[in-house]
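Because the structure is a prediction, the values reported are computed rather than measured. Numbers restart at 1 for each chain; the letters A, B, ... are given by sequence-line order, proteins then strands.
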There are 2 protein chains.
Amino acid sequence: MARMIAERSDVVPVLAEIFRAYGFEGASLARITEGTKLGKGSLYHFFPGGKEEMAAAVLGEIDDWFRAHVFDPLRSGNDAAKSIAAMFDEVRRYFLAGRKVCLVGVFALGCERDRFAAQVDGYFAAWADSLHEALVRTGRADAVAKELAEEILAVIQGALVLARARNEPEIFVRALDRMERRLAL
Amino acid sequence: MARMIAERSDVVPVLAEIFRAYGFEGASLARITEGTKLGKGSLYHFFPGGKEEMAAAVLGEIDDWFRAHVFDPLRSGNDAAKSIAAMFDEVRRYFLAGRKVCLVGVFALGCERDRFAAQVDGYFAAWADSLHEALVRTGRADAVAKELAEEILAVIQGALVLARARNEPEIFVRALDRMERRLAL
DNA sequence: GTCTATAAAGCGATAGAC
DNA sequence: GTCTATCGCTTTATAGAC
């Protein structure tokens, strides 16, 4: 069998799943080499900074994805209500309807928070701000929109926690549906 | 200085803070001996099962605390609305107004979930059920009360995630206040 | 009940051949 | 770019003296 030549960009999504499943501390190099099917040599070739650089790359890719699929559309869509509905759809799909957990949330709760403070804070800040903007464009007062954006993010994160804790992904779907219905009023 | 003689019950709260701060994997025995000021000999005397038994003991104590201060009052109080208001007060205080994170939530998101599945699920199940009961006693329909209980738990957990992620405990306080106001309507 | 010493395994990271 | 071998350190856990 021909030898596989990997690219850094191929590896990052695999790393994401491993960090998501085991957390930063739990994602040992043994698990990473197993999951990526890459030797330590290759891994350190792509990520000279080791595990920390791997995690940073994953956070960066998550940020890119959300920027492209969630944050930017929220800001630039000309129909704000439609952009918000689209956000809920993207989020539902991204988290596999509650079967996938939020890596940024995992890092936020653990002691990884301190190490990746800027990226963790930046992710939620960008989300809150872009959602806030969109809510204002639906005609809501600035203060109301700000609180609402905060609440929507909290419900999403909390529902992911509950869905995983109770092993019942439907909790996440129900929470999103409820929130969309509340916004429609 | 006289030698300190510890009791298992004195150690558990200290362990709780360490697990909360570092997660299960991150809570090394080195950190635990440092935090508890107990040698490994003493620790393994109290917890022959090692770290796993320590974490189980912490989860057990958290469950006991919530049962006594939150779940039971929710079920037995004769003024349901008052019991729910009391729950919000206890929760606000317990999580130090957003400066303290939920250990069960931390375990739920990490790979610790699988190891402690029963205790993690039991904690949220007991909370959801007792809150559901109390909401029914305020006159709400069963289905409405169930969804509302789920939403309240999600907001609490999500707000804790956001508060820690953004390093802004006020997010948690605002979320609780908002939810209480919504319930009052 | 507490301690120190120690075992055995796993960890992240590096070196160097190919 | 990939691999294997290896270093040095930390990990959990145990043994045995006090």
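- Rounded to a whole Å, the CD1 atom of I32(B) is 16 Å from the P atom of dT2(C).
- Between F47(B) atom CZ and dT2(C) atom C1' there is a gap of 15 Å when expressed in whole angstrom units.
- Sorted by first and then second residue, the side-chain hydrogen bond (donor to acceptor under 3.5 Å, both in side chains) pairs involving residues 149-176 of chain B (not counting sequence neighbours) are D121(A)-R166(B), E150(A)-R174(B), R174(A)-E150(B), R178(A)-E151(B), R182(A)-E151(B), E151(B)-R182(B), E168(B)-R174(B).
- F46(B) has its CZ atom 7 Å from the C1' atom of dG1(C), to the nearest Å.
- Atom P of nucleotide dT4(C) and atom NE2 of H45(B) are separated by 17 Å, given to the nearest angstrom.
- Applying the salt bridge (charged side-chain N to carboxylate O under 4.0 Å, His left out) criterion to E61(B), with sequence neighbours excluded, gives no partner residue.
- Taking a 4.0 Å limit (strictly below) on heavy-atom distances, residues 14-24 of chain A does not reach DNA chain C anywhere.
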Taking only N/O atoms, report every protein-nucleotides 13-16 of chain D pair under 3.5 Å with atom names and distance.
unit_1: dA13(D); atom_1: OP2; unit_2: Y44(B); atom_2: OH; d: 2.7
unit_1: dA13(D); atom_1: OP2; unit_2: K51(B); atom_2: N; d: 3.4
unit_1: dA13(D); atom_1: O5'; unit_2: Y44(B); atom_2: OH; d: 3.1
unit_1: dA13(D); atom_1: N6; unit_2: K40(B); atom_2: NZ; d: 3.0

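- Using a cut-off of 4.0 Å between Lys/Arg side-chain N and Asp/Glu carboxylate O, R20(B) and E17(B) are scored as salt-bridged.
- Remark: V70(A) pairs with W65(A), F66(A), L74(A), M87(A), E90(A), W127(A) by the side-chain contact (heavy atoms from CB on, under 4.5 Å) rule, at least two apart or across chains.
- Both tests hold for R31(B) against Y22(B): distance to the six-membered ring centre under 6.0 Å, angle to the ring axis within 45°.
- When rounded to the nearest whole Å, the span between CD of E25(A) and P of dG12(C) equals 9 Å.
- For R140(A), the side chain to side chain donor-acceptor pair (under 3.5 Å) partners two or more places apart in sequence, or in a different chain, are T138(A).
- Whole-Å rounding puts the R115(B) CZ to dT12(D) P distance at 11 Å.
- Distances shorter than 4.0 Å separate none of the side-chain N or O atoms of S42(A) from OP1 or OP2 on dG1(D).
- By the 4.0 Å N-to-carboxylate-O rule, E25(B) lies too far from K51(B) to be salt-bridged with it.
- Side-chain contact between F107(B) and R113(B): absent, with no pair of heavy atoms (C-beta onward) separated by less than 4.5 Å.
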